[in-house]
S.K.: 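The structure is given below, and queries will be raised subsequently.
Keep in mind that this is a model prediction, so the values were computed, not measured.
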2 protein chains.
Amino acid sequence: MFLLISYDIADDKRLPKVAKLMERYGKRVQYSVFECLLSTSQLEELQGKLRRLIEVTRDSVRFYRLCEDCCQDITIIGDGEVTHDEEFFIA
Amino acid sequence: MFLLISYDIADDKRLPKVAKLMERYGKRVQYSVFECLLSTSQLEELQGKLRRLIEVTRDSVRFYRLCEDCCQDITIIGDGEVTHDEEFFIA
């Protein structure tokens, strides 16, 4: 499934750790926004790692699953492009 | 339609202007991520204003439309909640 994952991390020490983890599961399309193509088990694995990494009362990670139709409708103003399947590196 | 709009703005002078504009079209759910409920004309209006505001070679604004099904599937780890219809203020 295609997922858009965005995060706000309150602590500068945690932030690079989250980014590094995310880079193993998808493509960074903006500073704290990733596009990922994950199976259910990969998503659960990632979520488990994130729960151990972040401070749940101060940080937030949002997961938006996009179906085929919604994926066709992604638009961009300015710099950037939509991620295509073959560009994904999965851990 | 429900939209997730995220942005990366390269210049600290443009950034607050984009945030202020976005706050008139939806709800800020993370530092540079907004959830919006917009008609097609409202979306076109917002995109027109953004095109005049940002530097297209250095900034980026991404628009992800989510259908009803995808909207039911939004999940969050940590701080935050999913936006509900009545919470939207439209310009």
S.K.: Using a 4.5 angstrom heavy-atom cutoff, name the option from Ser32(B), Ala10(B), Ser6(B), Gly80(B) with the most pairs to chain A.
M.R.: Ser6(B)

S.K.: Can you tell me how far OH of Tyr31(B) sits from OH of Tyr7(A), rounded to the nearest 0.5 angstrom?
M.R.: 14.5 Å

S.K.: Examine distances only and state if a side-chain atom of Asp79(A) and a backbone atom of Arg58(B) form a donor-acceptor pair shorter than 3.5 Å.
M.R.: no

S.K.: Could you look at Asp59(A) and say if it's the side chain, the backbone, both or neither that has a heavy atom under 4.5 Å from chain B?
M.R.: backbone

S.K.: Apply side chain to side chain contact (heavy atoms under 4.5 Å, CB included) to Phe63(B) and Ile74(A), showing your working.
M.R.: CA-CA 6 Å; Phe63(B) 301 80; Ile74(A) 298 171; over 6 Å; no

S.K.: Decide yes or no on salt bridge (Lys or Arg N to Asp or Glu O under 4.0 Å) for Arg62(A) and Glu81(B), but give the supporting numbers first.
M.R.: CA-CA 9 Å; Arg62(A) 299 176 78 92; Glu81(B) 51 179 40; over 6 Å; no

S.K.: Using 0.5 Å steps for rounding, measure from the SG atom of Cys70(A) to the CD atom of Glu68(B).
M.R.: 10.5 Å

S.K.: Nearest 0.5 Å please: distance from the CG atom of Leu66(B) over to the SG atom of Cys67(A).
M.R.: 8.0 Å

S.K.: For Val61(A), which atoms come within 4.5 Å of any heavy atom of chain B: side chain, backbone, both, or neither?
M.R.: both

S.K.: Side chain, backbone, both or neither: which part of Leu4(A) has a non-hydrogen atom closer than 4.5 Å to chain B?
M.R.: side chain

S.K.: Can you list the residues that meet the side chain to side chain contact (heavy atoms under 4.5 Å, CB included) rule with Arg51(B), with sequence neighbours excluded?
M.R.: Ile77(A), Gln47(B)

S.K.: Heavy-atom pairs under 4.5 Å with chain A are the metric here; pick the option from Ile76(B), Thr75(B), Val56(B) that has the most.
M.R.: Thr75(B)

